[in-house]
Peer 1: 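My questions all concern the structure below.
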Amino acid sequence: MLTDKMREALNKQVNAELFSAYLYMAMSADFTDKNLAGFANWMKVQAQEEVTHAMKFYNYILDRGGRADLMAIDQPQAKWDTPLAAFEEAFKHEQKVTAMINNLVELARVEKDPATESMLKWFIDEQVEEEANADENVQKLKMIGNDTSATFFMDQEMKQRTFVDETQENSKE
Ligand code: MG
């Protein structure tokens with residue numbers, strides 16, 4: 001059984017992952033509005049990934065005999081001035097999520113819950129990737145600056161991203 005504290009914190013994380021999905025959907029919608037279909041695609045795939053993160057926490061709570069309490073999801077911002085501004089926020093957001101995962105690990109140790117600590121390992125590794133991906137896009141967009149043809153080229157490249165559910169076992173290399 002999960003302790004009350006652990007269960008509450010994991011439920012909060014379900015909400016945080018769903019907010020991440022909402023935030024990236026908002027970014028995707030804003031990119032679509034600005035005719036940047038590739039950036040919109042990248043963010044939509046990112047949102048899909050976040051839903052699988054929420055489900056991984058949700059399923060884990062249930063597997064441990066806990067109750068999943070679903071809380072209201074905050075409304076995300078709707079518009080960003082530039083692709084760089086959106087990706088800078090995405091990067092900042094992922095750093096925040098990493099800190100939340102680290103806090104969950106701390107709590108699992110305090111609560112003497114090695115099963116939760118073990119489950120969280122997947123998320124620790126995932127966050128390294130998430131931060132790296134967001135930062136890579138920030139760096140590219142900084143290089144591009146106001147160059148519209150380079151922005152167009154990057155938009156084309158971002159169209160290539162497809163959704164893979166990495167929470168399914170053995171799908172990670
Ligand atoms: Mg996530």
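Predicted model only: the values in this text are computed from it and were never measured. Remember, it's 1-based here, ligands and their atoms both numbered in the order they're listed. Computed over heavy atoms, backbone and side chain alike; hydrogens, waters and symmetry mates excluded.
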Peer 1: Identify, by name, the N, O or S atom of H53 lying closest to the Mg ion (ligand 1).
Peer 2: ND1

Peer 1: Does a salt bridge link E89 with K92, judged by any charged N lying under 4.0 Å from a carboxylate O?
Peer 2: no

Peer 1: Taking the six-membered ring for Trp, are the ring centroids of F87 and W42 within less than 6.0 Å of each other?
Peer 2: yes

Peer 1: Among the N, O or S atoms of E17, which one sits nearest to the Mg ion (ligand 1)?
Peer 2: OE1

Peer 1: Between R67 and E8, does any NZ, NE, NH1 or NH2 come within less than 4.0 Å of an OD or OE carboxylate oxygen?
Peer 2: no

Peer 1: Can you tell me which N/O/S atom of E50 has the shortest distance to the Mg ion (ligand 1)?
Peer 2: OE1

Peer 1: Flag the pair K12 and E17 as a salt bridge only when some basic side-chain nitrogen lies within less than 4.0 angstrom of an acidic carboxylate oxygen.
Peer 2: no

